[in-house]
Amino acid sequence: MSGTSTGLMPPADAVTPVRHPEAPAPGELLGAHYGQCFGCGAGQPHGLQLEARAGDGVSVTAEFTVRPAHQGAPGLAHGGVLATALDETLGSLNWLLRVVSVTGRLETDFLLPVPVDTVLYLEAEVTAVAGRKIYSTATGRIGGPDGPVAVRADAVFIEVKVDHFIENGRPAEIRAAMNDPDQIRRVRAFEVNP
């Protein structure tokens with residue numbers, strides 16, 4: 001991983017991440033945290049509809065298929081869409097820590113073009129925790145878990161309280177999320193990036 005920026009290097013007093021005892025089991029599908037999320041929501045027809053699964057330790061795997069609506073250059077995925085896929089996968093890690101957090105910094109490296117109709121396999125893990133800061137890293141591979149690395153990212157997420165979303169989100173969406181009868185979905189609705 002790049003991780004060379006000062007803001008992406010954990011401080012000397014950072015600790016090893018610990019998977020929460022109530023975190024989803026390895027292999028369990030995490031599902032969408034919010035149906036309208038561009039990254040993982042089924043309610044976004046042009047979204048990524050990324051599916052993440054809990055991995056071992058504090059790690060996740062995810063995948064999505066690059067569709068024509070995701071292209072930038074003809075026949076190739078838009079770089080912003082690839083950054084979104086990395087951000088969404090990294091954000092899913094916080095479910096394993098059982099914290100609510102937002103992206104503080106995301107540094108992305110684009111190594112290979114990703115063609116439309118390609119399945120992008122993503123792997124992410126938390127590398128350290130320092131106070132409210134959660135340090136993590138991710139890679140995206142073309143065509144399979146052993147395929148060539150096309151994109152990678154390092155990130156810092158910042159733990160926040162649910163009030164962050166209530167105070168900054170649009171009232172209609174906040175009410176809809178809070179009134180959702182699916183309790184798990186309602187809790188996960190606030191595990192989103194700003």
Side-chain angles (χ1 to χ4, degrees), residues 1-24 26 30-34 37-41 47-48 50-64 77-112 114 120-141 149-169 187-194:
M1 292 298 104
S2 52
T4 55
S5 296
T6 304
L8 293 172
M9 293 297 292
D13 63 346
V15 298
T16 302
V18 176
R19 183 189 190 99
H20 192 279
E22 296 176 23
L30 300 179
H33 66 264
Y34 178 53
C37 174
F38 180 80
C40 65
L48 304 185
L50 184 136
E51 293 186 342
R53 292 188 180 277
D56 293 325
V58 188
S59 70
V60 298
T61 59
E63 62 182 64
F64 85 98
H78 189 285
V81 168
L82 297 176
T84 300
L86 289 162
D87 185 49
E88 186 67 34
T89 303
L90 289 158
S92 296
L93 289 165
N94 299 312
W95 184 243
L96 302 179
L97 297 172
R98 297 291 295 260
V99 299
V100 177
S101 67
V102 295
T103 309
R105 184 175 181 136
L106 177 70
E107 185 174 296
T108 307
D109 296 316
F110 301 94
L111 307 172
L112 294 173
V114 179
L120 190 66
Y121 289 81
L122 300 124
E123 298 177 336
E125 68 176 332
V126 176
T127 57
V129 176
R132 294 176 45 227
K133 293 183 178 182
I134 302 162
Y135 296 83
S136 53
T137 188
T139 58
R141 295 176 179 270
V149 175
V151 293
R152 62 183 177 207
D154 292 301
V156 177
F157 280 74
I158 309 299
E159 185 176 349
V160 297
K161 302 296 180 202
V162 172
D163 292 350
H164 169 85
F165 304 102
I166 294 170
E167 293 168 3
N168 296 294
V187 170
R188 294 201 67 214
F190 294 101
E191 295 176 3
V192 298
N193 299 326

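Between Asp87 and Phe157 the shortest side-chain heavy-atom distance falls below 4.5 Å. The shortest side-chain heavy-atom distance between Leu82 and Phe110 falls under the 4.5 Å cut-off. Contact annotation: the side chain of Ser101 never approaches that of Lys133 to less than 4.5 Å [non-hydrogen atoms, C-beta and beyond]. Asp109 is not listed as a side-chain neighbour of Val151, based on a closest heavy-atom distance of 4.5 Å or more. In this structure, Arg105 and Leu8 have side chains that are in contact, with non-hydrogen atoms separated by less than 4.5 Å. When side chains are defined from C-beta on, His20 does not count as touching Leu97, because their heavy atoms never get closer than 4.5 Å.
The heavy-atom pair separating Leu96 from Pro24 by the smallest distance is CD2-CD, 4.0 Å. Among all heavy-atom pairs drawn from Val160 and Arg132, the shortest one is CG1-NH2, 4.2 Å. Residues Pro17 and Thr127 approach most closely at CD-O, 3.6 Å, considering heavy atoms. Of all the heavy atoms in Ile158 and Gly104, the pair that sits closest is CG1-CA, 4.1 Å. Shortest non-hydrogen contact noted between Val60 and Thr89 is CG2-O, 3.6 Å. Scanning all heavy atoms of the two residues, the minimum distance from Leu90 to Ser136 falls at CD2-OG, 3.4 Å.
Within the model, atoms CD of Glu125 and OH of Tyr135 stand 15.5 Å from one another, a figure rounded to the nearest 0.5 Å. Rounded to the nearest 0.5 angstrom, Arg152 CZ and Leu86 CG are separated by 11.0 Å. A distance of 7.0 Å separates CZ of Arg19 from OG of Ser59, quoted to the nearest 0.5 Å.
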- Task: Take Val100 and Asn94 through the side chain to side chain contact (heavy atoms under 4.5 Å, CB included) test and state the conclusion after the steps.
- Result: CA-CA 7 Å; Val100 177; Asn94 299 312; over 6 Å; no

- Decide yes or no on side chain to side chain contact (heavy atoms under 4.5 Å, CB included) for Thr84 and Phe64, but give the supporting numbers first. CA-CA 11 Å; Thr84 300; Phe64 85 98; over 6 Å; no

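Remark: the backbone N or O of Leu122 is not paired with any side-chain donor or acceptor of Arg141 at under 3.5 angstrom.
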